[in-house]
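Worksheet: the structure to be examined is printed underneath.
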Amino acid sequence: MIKVENLTKYYGEICAVSDIGFQINKGEILGLLGPNGAGKTTFMRILTCYLNPSAGTIQVKDFNIQDHALEIKKMMGYLPENAPLYPDMLVYDYLHYVADIRQLDKETKLQRIDQLAATCSIREVMHQPIGELSKGYKQRVGLAQAMMGDPEILVLDEPTSGLDPNQIIEIREIIKKIGKEKTIILSTHILSEAEATCDRVVIINKGKIVADSLIEDLKQSLGKEAVIGLAFRNADFAKVKNVLAQVAGVGSVVETDSGEGILAVNVSCKTQEDIRGQIYALIKEQDWQLLEFYQQSRSLENIFRELTQEN
Amino acid sequence: MKNIRHILTKEFKSYFIAPIAYIVIAIFLLITGWFFFSTFFLYNQSSLRNFFNLLPIIFSFIIPAVTMRLFSEEIYVGSYEVLMTLPVTFSEVIVGKFLAAVTFVAIMLLPTLSYTVTIALLGKLDPGPVIGGYIGALFLGSLFAAIGLLASALTRNQIIAFIIGMSICFALTLIDKMLFFLPESLLGVLEYIGADFHFQNIAKGILDSRDILYFASSSFVALYATNLVMQGKK
């Protein structure tokens with residue numbers, strides 16, 4: 001549905017997006033991940049025709065962003081970061097205005113506003129000025145604005161940034177609900193959010209794509225090495241390292257958090273075999289008090305850190 | 001066309017949501033009323049000439065105050081990003097906002113019709129210069145609104161937008177008053193550039209196509225420059 005080809009964007013001398021290319025399929029919820037300044041917002045601004053690319057193009061269905069901006073804008077709803085809206089306007093008036101710009105007829109307009117008020121849970125603030133709303137409500141109004149034209153594609157830039165945990169869950173639920181019918185592209189640096197809401201993630205770092213995969217595939221491909229966490233009392237790190245090195249399949253042993261006679265280490269496993277039994281057998285022979293022994297499941301967070309730090 | 005109407009309506013209503021409209025209109029009426037009526041009985045003539053003489057100077061700072069927020073505020077708040085990703089073109093946004101400012105100027109001029117009625121009751125008023133004056137005021141208001149809009153598109157700071165707009169408007173108003181400082185060869189050109197010169201022609205009750213062309217073309221140039229500034233932001 002969306003094809004990004006050799007997209008590059010320069011701000012003066014600074015390259016914000018560097019020759020990226022990927023495709024987004026219809027009905028997909030795509031998470032755009034990356035540290036601050038990675039180029040996520042710039043990409044979204046180009047996709048929504050707010051900015052022109054320095055090189056390359058984006059094809060949305062049969063239209064490209066350079067020649068058919070208006071057609072693309074019609075099939076797209078966009079919520080920028082922090083939902084910048086008109087603070088003096090009432091929520092109801094604002095949604096009316098957006099509906100008018102999107103050329104909805106009177107009947108459809110009223111139905112749509114009513115429907116969105118229910119979907120985004122903003123009915124109780126419809127007659128309040130936007131400037132007086134809490135951040136969570138502003139975000140919901142922004143979301144309602146983005147969905148007003150019933151767009152095929154929704155582009156959401158950090159839709160949960162700055163919200164409290166309850167609001168985050170509510171917004172995620174809304175996104176999941178709409179994601180059943182629409183193609184959604186959302187950017188975030190909250191990795192649990194991408195895990196919870198997206199089908200696929202594209203990780204961008206310094207303007208370049210460093211990973212593009214389904215979440216599960218990404219975890220599998222990069223997460224073959226398990227990590228075992230151990231904590232001991234009366235143990236010396238050098239000795240622990242030597243003892244554990246005897247087990248075939250043990251990779252690195254890293255001291256993580258020690259103090260007050262406690263030594264905590266992370267043991268990375270180079271093999272997919274379960275080596276916990278062998279490790280335990282060796283520990284049992286030593287004069288150490290074993291306080292903790294657990295296998296860590298590798299989260300997207302570990303993968304994200306590896307990818308964005310390496311690059 | 002429909003989008004222009006929607007943007008015009010939204011912008012026009014926005015003036016009256018915030019207190020700015022009421023403050024600007026009140027200041028405008030106070031200043032014009034005070035300066036006009038303080039000398040009106042001294043001249044003892046049933047004419048609005050003094051009012052129209054004052055208008056370009058007053059418009060030079062009132063209209064940039066009206067237009068300063070049109071783009072600056074949107075850029076500052078960030079709503080500009082939402083607006084420009086809605087299915088609208090640059091031209092629709094510019095024309096919509098421009099017409100909202102011109103409509104505001106027209107509304108601001110409406111209460112001054114009471115001056116006309118008062119003077120008509122006091123003496124015999126020649127309708128030609130009065131009608132010409134109001135038509136000229138709308139042309140002048142449109143030009144200054146276009147300049148104010150351009151200034152507003154240049155910066156996210158409303159005060160800077162106001163200062164830029166006011167400086168250009170003042171320059172256009174005063175340029176033909178400074179001619180004695182300038183070489184004779186430039187007099188004709190500079191007089192033609194001056195907005196006050198053309199406005200005063202129309203305010204005499206003479207609708208000359210050259211004056212109309214001046215206001216139409218210079219307003220267009222300012223709006224076109226606004227379009228270029230917005231394109232540059234992409």
Side-chain angles (χ1 to χ4, degrees), chain A residues 9 11 41 44-54 65-66 68-90 93-105 109 129-131 138 141-146 148-149 151 153-155 157, chain B residues 1-24 66 68-97 99-100 104 152-153 156 158 227-234:
Chain A
K9 176 71 183 176
Y11 294 114
T41 300
M44 290 188 150
R45 285 176 170 173
I46 298 171
L47 175 65
T48 52
C49 307
Y50 178 68
L51 292 177
N52 282 333
S54 307
I65 50 163
Q66 281 97 338
H68 306 100
L70 211 57
E71 286 82 356
I72 291 176
K73 284 177 184 181
K74 278 180 191 165
M75 60 170 109
M76 216 172 262
Y78 177 46
L79 170 67
E81 193 180 351
N82 298 326
L85 310 169
Y86 299 104
D88 293 332
M89 281 183 102
L90 302 182
D93 290 344
Y94 177 63
L95 294 179
H96 256 272
Y97 171 60
V98 175
D100 285 337
I101 295 276
R102 290 210 173 261
Q103 313 283 345
L104 302 187
D105 62 61
K109 180 169 73 176
I130 293 170
K138 266 186 208 161
V141 174
L143 202 55
Q145 166 277 129
M148 183 56 76
I153 304 160
L154 263 180
V155 182
D157 193 358
Chain B
M1 240 351 240
K2 274 186 183 171
N3 281 342
I4 293 177
R5 200 184 71 219
H6 297 316
I7 293 168
L8 189 164
T9 313
K10 183 252 160 199
E11 291 298 340
F12 186 70
K13 278 186 186 168
S14 298
Y15 280 123
F16 292 92
I17 293 173
I20 184 161
Y22 305 101
I23 294 170
V24 167
V66 170
M68 66 183 183
R69 51 167 282 282
L70 286 172
F71 278 114
S72 300
E73 192 182 33
E74 293 236 26
I75 297 166
Y76 182 74
V77 172
S79 53
Y80 179 74
E81 190 176 344
V82 179
L83 176 66
M84 294 322 299
T85 49
L86 288 173
V88 288
T89 61
F90 283 135
S91 317
E92 286 170 341
V93 174
I94 293 168
V95 174
K97 284 176 182 281
L99 291 178
F104 184 85
S152 184
R156 54 190 288 155
Q158 291 192 45
N227 193 317
L228 292 180
V229 170
M230 288 173 70
Q231 297 274 6
K233 287 186 196 299
K234 279 192 94 178

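Excluded from the calculations below are hydrogen atoms, water molecules and symmetry mates; all remaining heavy atoms, backbone and side chain alike, are included. Naming convention: chains lettered A, B, ... in sequence-line order (proteins, then strands); numbering from 1 in each chain. Just so we're clear, the structure is a prediction, and the values are computed from it rather than from any experiment.
More than 12 heavy atoms of other residues, nucleotides or ligands sit less than 6.0 Å from atom CZ of B/Phe90. With a 6.0 Å radius and a threshold of 12 heavy atoms from other residues, nucleotides or ligands, A/Lys109 has its NZ atom above the threshold.
Residue contact with chain B, scored on non-hydrogen atoms closer than 4.5 Å, involves the side chain of A/Gln145 exclusively. If you measure heavy-atom distances from B/Glu92 to chain A, you find no contacts under 4.5 Å at all. With a 4.5 Å cut-off on non-hydrogen atoms, B/Lys233 touches chain A through its backbone but not through its side chain. For A/Gln103, the part lying near chain B is the side chain, with the backbone staying farther off; criterion is any non-hydrogen pair under 4.5 Å. In this structure, chain A has a heavy atom under 4.5 Å from the side chain of B/Ile17, while its backbone stays farther away. Heavy atoms closer than 4.5 Å to chain B are found in the side chain of A/Pro87, but not in its backbone.
In this structure, CE on A/Met76 lies 13.0 Å from CG on B/Leu86, to the nearest 0.5 angstrom. The NE2 atom of A/His96 sits 13.0 Å away from the OG1 atom of B/Thr9 when rounded to the nearest 0.5 Å.
The closest side-chain heavy-atom distance from A/Asp100 to B/Arg5 is not below 4.5 Å.
Of all non-hydrogen atoms in B/Lys10 and A/Tyr86, the two that sit nearest each other are NZ-CE2, 3.3 Å. Across all non-hydrogen atoms, the minimal contact from B/Val77 to A/Leu85 is CG1-O, 3.3 Å.
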**Request:** Go through B/Thr85 and A/Arg45 one step at a time and tell me if the side-chain contact (heavy atoms from CB on, under 4.5 Å) criterion holds.
**Result:** CA-CA 9 Å; B/Thr85 49; A/Arg45 285 176 170 173; over 6 Å; no
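Side-chain contact check for B/Gln231 and A/Asn52: no donor-acceptor pair (N or O, by modelled atom type) lies under 3.5 Å.
Judged by distance alone, with hydrogens and angles left aside, the side-chain atoms of A/Lys73 form a donor-acceptor pair with the main-chain N or O of B/Met84 at under 3.5 Å.
With a 6.0 Å cutoff to the six-membered ring centre and a 45° limit on the axis angle, B/Lys13 does not count as a cation-pi contact of A/Tyr97.
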